[in-house]
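For clarity, every value in this text was computed on a predicted model and none was experimentally measured.
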Amino acid sequence: HYFISEYEACSRGLELRIDPERQENKHATRHIIMKYQQRLRLGVTSSTSVIADPKLYLANVSKTLSQRSRDMALSTARKDYFAAYPEMESLVSALMDPIPIAD
């Protein structure tokens, strides 16, 4: 099996803490979600249509804004799995498509 380097052992799982871009993305996502939440409470929307389910609307906004983070997490998990179980890479790769990371 593959052994991770000393650097990887120290930083795995801390990507959010050590990557300023990820920190900024998380902060911006939270800020936007809170603005949408406030606007929904006040009944102010960007369109003239009435939102049938504000909670579902807010969930969809959150899901859309966090898609890139989820894609990156899945990609990292797949790489970690293949590092631990290299014999499984051909089988899993044949069954699963690559994970496209959203912009």
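In this pair, Y81 and Y85 present their aromatic rings tilted. The plane angle is within the 30 to 60° band.
Rounded to the nearest 0.5 Å, atoms NZ (K79) and CD (E89) are 11.5 Å apart. Of the inter-residue distances, the one linking R68 atom CZ with T29 atom OG1 reads 11.0 Å to the nearest 0.5 angstrom. R78 contributes atom CZ, which lies 12.5 Å from atom CE of M88 (distance to the nearest 0.5 angstrom). Atoms CE and NE2, from M34 and H31 in turn, are 8.5 Å apart once rounded to the nearest 0.5 Å.
Looking at S75, its side chain never comes within 3.5 Å of a backbone N or O of D71 through a donor-acceptor pair. Between the side chain of T64 and the backbone N or O of N60, at least one donor-acceptor pair lies under 3.5 Å.
Taking both residues in full, the closest heavy atoms of L65 and I32 are given as CD1-CG2, 3.5 Å, listed atom of the first, atom of the second, then distance. Scanning all heavy atoms of the two residues, the minimum distance from P86 to A83 falls at CD-O, 3.9 Å. Scanning all heavy atoms of the two residues, the minimum distance from L40 to P54 falls at CD1-O, 3.6 Å.
R22 is not listed as a side-chain neighbour of K26, based on a closest heavy-atom distance of 4.5 Å or more.
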Candidate pair R70 and Q67, rule side chain to side chain donor-acceptor pair (under 3.5 Å), full reasoning: CA-CA 5 Å; R70 286 195 314 279; Q67 184 64 50; 2.5 Å; yes
